[in-house]
Every structure is written in structure tokens, then in C-alpha cells.
Undergrad: 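To start, I am sharing the structure in question, which I have written as C-alpha cells.
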Amino acid sequence: LKRCNELQILVPFSGGKDSLAALLLSLDALQNYTAKNHTLYVVYVNTTNEFPETVDYVNKVFNKIEKNYRKINLNCVVLRPKKVFSDFMEAVFKKATEMVIKKKWYKRNLTCCIHLKERPVKRFAIENEVNLIVSGMRGNESTRRFFYLYDHGPIDYQWGIRRVWPLWDWTFKQVLDYIVMHNPRFYLNKVYRMGFTGTGCLLCPVKFVFGKNNDLIALKEHYPNAYKLGIRLIKNALKEMKIPPERIPKSLKELIIYE
């Protein structure tokens, strides 16, 4: 970041620990950046399926970085998709249930992520002529991502725009240590203290289709109505697909029992 000539830089910010570390790393690197025409866009997408705690947290972080990094030409932006989660809700829960039953899991088939997260950022990046994206994703979060980064390295292209992955080989501890360096100015999203493992969508089928887990326990405790809706969507999907009890995977059976 210190050496690059890119003037329009975008950091996607989800409100999670990894994207916070990537944001702080970018801000630290650009603190003494002297180019007059540069802009650092910090972009949060409100998918219409967000934790209220995350929305509040993002606003607080935006206020703090605008106050503490005044030397940087910052533009903190909240984007909204053209569609809303309710447009996809039944379809994505059915698709997730179907993939688990067929044992052919591929998250990209859940098109809600594409419409509600990726497309708003893509439109914004192209319209504002962004020429560098700083991703906060880490390689050890999934096997697929690890091997992608192992093969391609920490620099690739997204939508024809150069993208860097500065945290690609960071551990969980390294992420937390880097954030702690900036205390008391920055702290973690409240959803972690509530028991959730991440800050993704509130009503996400991934929380449900693999059986009882920490996110599901936290959802049932803090958002019981959302939890009940998710269970109902799973049951409706099973009924619509006419899956006999003996073909229902153990994870989904546990989910129904856990209800």
C-alpha cells in the first residue's frame, strides 16, 4: 500500500474481526500517504439481513476512523442492494437443504450472497474507478480458499481490479493481536460476545443445515423469532421436496429435534 500508485482504494468492511484488521492495516499504511488525489473507500453492504448490533458497530467504527485518521482522504460508504433478502429467503433455504441431502455442497449456489453482497460492491467499484481492493479474508478459514491462495498468491484480480489479501496467511491470534494494538480506540463487534462465530447474515441457511452449532445456539437465545423462521423454512423445504424420513441427513434431524 505504501509503494503502490493506486489512488482509488477500496476496503470492504463487514463488521467482523478480519475485515477490521485489514481496514486498520490499510489505514496504518496510508497514514502518511502524500498523494493529493487518493481516496480510501471503506464500504459496508447492508444486505437487509444484518445483525442490528453490526449496523450499530459499523457506524461507530466509521466515526472513529474519520476522527483518528484525518490525514487520509476517507470515504465511508454504506451500500444497499437492489433486492432484499426476503426475495431469496425461501429459495436459498431450499437450495441449502437440497445440497446437504445430495451431499453436493457449494456455497456459490446460494445466490443471495451474489445479489446482496457482491453486486453492490462491484457496481460501486466500477462507478468510482477503484483500482485496488484490499480483502480481509484469510486462507485458513476454508480449504477451498486456502488452496486458491496457495496457487495464486496474495494478489489476484476481481472484476478486472487488482486485489490484495494481506491477511491470507494470518492466524486468528495474529488478527486479534493487531486489533488489540489499536485499543482503546477499537474493539470487537458485540455479536462475538453474544456467542456468534462471525458477523455474516443474521438468518443464513448455513447456520441451520449442518445441525446444532454455536451460531444456532446463539441465534435461538438472542433472536428466537429468526430461529423459528429458519426451522420453518427447513421443514417447508423438506416437505416440498417430499424427502422421506429415512433420507433426511442426521444434521437436519438433529436440527428438528433441537427445536
Side-chain angles (χ1 to χ4, degrees), residues 8-23 26 40-59 61-62 75-96 99 105-128 130 132-139 141-142 144-145 148-149 156-168 175 189 191-192 196-210 215 219 223 226 229-230 233:
Q8 308 301 319
I9 303 168
L10 186 151
V11 181
F13 182 58
S14 67
K17 62 186 184 308
D18 294 338
S19 65
L20 176 61
L23 172 58
S26 302
L40 178 63
Y41 295 105
V42 186
V43 176
Y44 167 69
V45 183
N46 187 328
T47 63
T48 70
N49 187 21
E50 300 290 297
F51 288 94
E53 292 83 2
T54 296
V55 175
D56 180 62
Y57 175 76
V58 169
N59 290 330
V61 170
F62 281 2
N75 191 341
C76 297
V77 182
V78 177
L79 300 178
R80 288 184 176 272
K82 292 184 177 180
K83 296 185 178 182
V84 296
F85 177 67
S86 58
D87 296 335
F88 304 91
M89 186 170 63
E90 292 186 10
V92 296
F93 266 81
K94 181 180 178 181
K95 187 64 179 179
M99 287 191 291
W105 182 261
Y106 184 50
K107 192 176 180 181
R108 294 288 293 180
N109 286 335
L110 302 179
T111 56
C112 51
C113 293
I114 297 172
H115 290 281
L116 302 180
K117 294 182 179 180
E118 293 184 19
R119 288 188 177 176
V121 177
K122 179 181 179 180
R123 280 194 301 268
F124 180 87
I126 293 173
E127 289 172 1
N128 290 276
V130 167
L132 181 68
I133 298 172
V134 181
S135 172
M137 290 190 286
R138 293 185 293 123
E141 288 185 317
S142 72
R144 183 187 298 272
R145 187 178 299 164
Y148 176 85
L149 290 169
D156 66 354
Y157 286 83
Q158 184 177 34
W159 315 314
I161 303 169
R162 187 158 66 144
R163 176 174 59 175
V164 294
W165 307 62
L167 310 185
W168 80 280
V175 169
N189 192 325
V191 298
Y192 292 111
F196 294 97
T197 60
T199 60
C201 293
L202 193 156
L203 186 62
C204 176
V206 179
K207 288 186 175 76
F208 289 83
V209 294
F210 293 111
D215 286 308
L219 188 69
Y223 291 97
L229 175 57
L233 290 168

Undergrad: With rounding to the nearest 0.5 Å, note down the distance linking CG in Leu203 to OG1 in Thr48.
TA: 10.5 Å
Undergrad: Quick one: pull up CD1 in Ile9 and CZ in Arg162 and give me the separation to the nearest 0.5 Å.
TA: 10.0 Å
Undergrad: For Pro12, check side-chain contact (heavy atoms from CB on, under 4.5 Å) against everything at least two apart and list the hits.
TA: Leu10, Ile133
Undergrad: Mind checking ring-ring contact (aromatic ring centres under 6.0 Å, His included) for Phe93 and listing every partner two or more places apart, or none if nothing turns up?
TA: Phe208
Undergrad: Sequence neighbours left out, cut at 3.5 Å: what donor-acceptor pairs do the side chains of residues 81-91 make with other protein atoms?
TA:
| residue | atom | partner | partner atom | Å |
| --- | --- | --- | --- | --- |
| Asp87 | OD2 | Val84 | N | 3.1 |

Undergrad: Kindly give the heavy-atom pair with the smallest separation between Val134 and Pro166, and that separation in Å.
TA: CG1-CG, 3.8 Å
Undergrad: Lys94: which residues meet the salt bridge (Lys or Arg N to Asp or Glu O under 4.0 Å) condition with it, sequence neighbours left out?
TA: Glu240
Undergrad: Which heavy atom of Cys204 sits nearest to which heavy atom of Asn49, and what is that distance?
TA: N-ND2, 4.5 Å
Undergrad: With sequence neighbours left out, write down each residue that passes ring-ring contact (aromatic ring centres under 6.0 Å, His included) with Tyr44, or none if nothing qualifies.
TA: none
Undergrad: Would you list the pairs meeting salt bridge (charged side-chain N to carboxylate O under 4.0 Å, His left out) in which at least one residue belongs to residues 110-120, sequence neighbours left out?
TA: Arg108-Glu118
Undergrad: Drop me the distance from Thr47's OG1 to Leu79's CG, to the nearest 0.5 angstrom.
TA: 11.5 Å
Undergrad: Hey, is the main chain of Gln158 close enough, under 3.5 Å, to the side chain of Lys122 for a donor-acceptor pair?
TA: no
Undergrad: Sequence neighbours excluded, which residues qualify as side chain to side chain donor-acceptor pair (under 3.5 Å) partners of Thr54?
TA: Asn189
Undergrad: So which atom in Pro120 and which in His115 form the shortest heavy-atom distance, rounded to 0.1 Å?
TA: CD-O, 3.5 Å
Undergrad: Which residues pass the salt bridge (Lys or Arg N to Asp or Glu O under 4.0 Å) test with Asp18, not counting sequence neighbours?
TA: Arg138
Undergrad: If you take all heavy atoms of Val58 and Gly15, which pair is closest and at what distance?
TA: CG2-CA, 4.2 Å
Undergrad: Using only atom types and a distance under 3.5 Å, with no angle test, would you say the side chain of Tyr41 pairs donor to acceptor with the backbone of Val130?
TA: no
Undergrad: Minimum heavy-atom separation for Val191 to Gly198, with atom names?
TA: CG2-O, 4.0 Å
Undergrad: List for me each residue that meets side chain to side chain donor-acceptor pair (under 3.5 Å) alongside Thr197, sequence neighbours excluded, and say none if there are none.
TA: Asp215
Undergrad: Could you please spell out the steps behind the side-chain contact (heavy atoms from CB on, under 4.5 Å) verdict for Met99 and Leu110?
TA: CA-CA 10 Å; Met99 287 191 291; Leu110 302 179; 3.8 Å; yes
Undergrad: Quick one: list whatever passes salt bridge (Lys or Arg N to Asp or Glu O under 4.0 Å) with Arg80, sequence neighbours left out.
TA: none
Undergrad: The criterion is ring-ring contact (aromatic ring centres under 6.0 Å, His included); which residues satisfy it with Tyr223, sequence neighbours excluded?
TA: none
Undergrad: How far apart are the closest heavy atoms of Ala96 and Val209, and which atoms are they?
TA: CB-CG1, 3.9 Å
Undergrad: Looking at OG1 of Thr199 and NZ of Lys17, how far apart are the two atoms once the value is rounded to the nearest 0.5 Å?
TA: 8.0 Å
Undergrad: Considering only heavy atoms from C-beta outward, does the side chain of Leu23 approach that of Val61 to under 4.5 Å?
TA: yes
Undergrad: In chain order, what residues pass the side-chain contact (heavy atoms from CB on, under 4.5 Å) check against Ser19, with sequence neighbours excluded?
TA: Phe13, Ser14
